[in-house]
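Here the structure is laid out as structure tokens; the discussion comes afterwards.
In this text the structure is predicted, and so the values were computed from the model without any measurement. Along the sequence shown, residues carry numbers from 1. All values below were derived from every heavy atom in this structure, side-chain atoms included, with hydrogens, water molecules and symmetry-related copies excluded.
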Amino acid sequence: MEEQLGFALHPQLRKLLERRNGVAEPEQGGGPVAGVFPAGGILPLGHRLLSTAEIPSAHEILVDVHEDHVVPYLADDEDDDLAGHLHRCVPFALPNDGGVAFVDHQPGPTYGYVFEMGIGSGDLDGTLWGPSLAAFAGAVTDALETGTPFLSYWPTTFAHSSGRTCIDWEIRS
């Protein structure tokens, strides 16, 4: 995968992928659990962890956005902006709405930071989700365990029609 990307993975992302390579796909074919949200749906905004097989194509989307929508309009003083180096960011989770959660791999002060970007809605500024993947995971875990917010996202649960309890995140100001 690193050969496809053209650079080495941040050590924390490498460790995540070694321990948890994506999430299970939703169960298919009827029965009481068919269509249940896949494991990993515990992340804000419905993001699910990508596998090493999925990351290169998700990365291509960031490269395309960078080349098609950023580079033509990029001023010299904006090359340090997040959008100015999307091609050096590695997605690790996607929701169903065109967003992406990724780890910044651009050498410099934001190397290893976790951001979420609503590319489908035209958001190229991104939202900082954590100064590292470990800090992000810790903050989400704390929110889930204590029922307190992660940024402006509050964890809630609901009963799925399958009878299973699922996690959702409400956005509150």
Side-chain angles (χ1 to χ4, degrees), residues 1-2 4-17 22-23 37-38 40-52 54-144 148-156 167-173:
M1 184 180 72
E2 289 177 332
Q4 289 177 288
L5 296 174
F7 51 88
L9 289 176
H10 185 277
Q12 290 181 2
L13 182 55
R14 174 184 285 281
K15 188 168 204 112
L16 172 66
L17 293 170
V23 295
F37 300 117
I42 62 170
L43 299 176
L45 298 175
H47 284 75
R48 67 172 189 82
L49 295 175
L50 295 172
S51 69
T52 55
E54 297 170 301
I55 288 174
S57 60
H59 176 257
E60 269 306 308
I61 294 169
L62 291 181
V63 170
D64 290 345
V65 168
H66 177 260
E67 291 175 358
D68 297 343
H69 302 289
V70 177
V71 171
Y73 309 102
L74 194 62
D76 289 337
D77 62 342
E78 293 177 323
D79 60 355
D80 287 336
D81 290 349
L82 183 60
H85 60 264
L86 277 179
H87 61 295
R88 297 281 299 177
C89 296
V90 180
F92 69 91
L94 294 177
N96 293 325
D97 69 356
V100 61
F102 55 84
V103 176
D104 190 343
H105 282 68
Q106 176 74 9
T110 60
Y111 175 74
Y113 279 32
V114 174
F115 292 93
E116 196 280 335
M117 190 176 276
I119 292 175
S121 65
D123 169 26
L124 294 181
D125 293 330
T127 301
L128 178 64
W129 271 10
S132 69
L133 197 52
F136 164 70
V140 168
T141 300
D142 288 347
L144 291 168
T148 56
F150 165 73
L151 303 177
S152 59
Y153 311 109
W154 290 76
T156 61
I167 296 170
D168 196 12
W169 293 83
E170 289 181 4
I171 299 173
R172 300 181 192 167
S173 304

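- Looking only at atom types and distance, the side chain of H10 has no donor-acceptor partner in the side chain of D104 under 3.5 Å away.
- Proximity of I167 to L144: side-chain heavy atoms (C-beta onward) are separated by under 4.5 Å at one or more points.
- Atoms CG and CD, from L82 and Q106 in turn, are 10.0 Å apart once rounded to the nearest 0.5 Å.
- Ring-plane geometry between F7 and H105 is classed as tilted, the angle between the planes lying from 30 to 60 degrees on a 0 to 90 degree scale.
- Put simply, the side chain of R88 does not reach to within 4.5 Å of the side chain of L62, judged on heavy atoms.
- Residues I61 and V100 have side chains not in contact (no heavy-atom distance under 4.5 Å, counting atoms from C-beta outward).
- Taking CG of L151 as the reference point, atom CG of L128 lies at 8.0 Å (rounded to 0.5 Å).
- The side-chain heavy atoms of L86 and V63, taken from C-beta on, include no pair separated by under 4.5 Å.
- Figure legend: R172 and Y153 shown without cation-pi pairing, the cationic atom not lying both under 6.0 angstrom from the six-membered ring centre and within 45 degrees of its axis.
- Applying the side chain to side chain contact (heavy atoms under 4.5 Å, CB included) test to P149 and every residue at least two apart in sequence or in another chain returns W154.
- Paired with Q12 under the rule side-chain contact (heavy atoms from CB on, under 4.5 Å), one option of L133, L17, V103 passes, and it is L133.
- To the nearest 0.5 Å, the span separating CD on E116 from CG on L45 amounts to 5.5 Å.
- Partners of S51 by side-chain hydrogen bond (donor to acceptor under 3.5 Å, both in side chains), not counting sequence neighbours, listed by chain and number: E54.
- M1 CE to I55 CD1: the interatomic distance, rounded to the nearest 0.5 Å, is 4.5 Å.
- Taking the six-membered ring for Trp and thresholds of 30 and 60 degrees, F150 and W129 have ring planes more than 60 degrees apart, a perpendicular arrangement.
- Counting only heavy atoms from C-beta outward, the side chains of V65 and H87 never approach each other to under 4.5 Å.
- Here the closest non-hydrogen pair linking A58 and L50 is CB-CD1, 3.9 Å.
- Contact detail for P56 and Q4: the closest heavy-atom pair is CG-OE1, 3.3 Å.
- With sequence neighbours left out, the salt bridge (charged side-chain N to carboxylate O under 4.0 Å, His left out) criterion links E60 to no other residue.
- Of all heavy-atom pairs spanning W169 and A143, the tightest one is CH2-CB, 4.0 Å.
- Looking only at distances, a side-chain donor or acceptor of S132 sits under 3.5 Å from a matching main-chain atom of A135.
- L5 contributes atom CG, which lies 5.5 Å from atom NE2 of H59 (distance to the nearest 0.5 angstrom).
- Among all heavy-atom pairs drawn from F92 and L13, the shortest one is CB-CD1, 3.7 Å.
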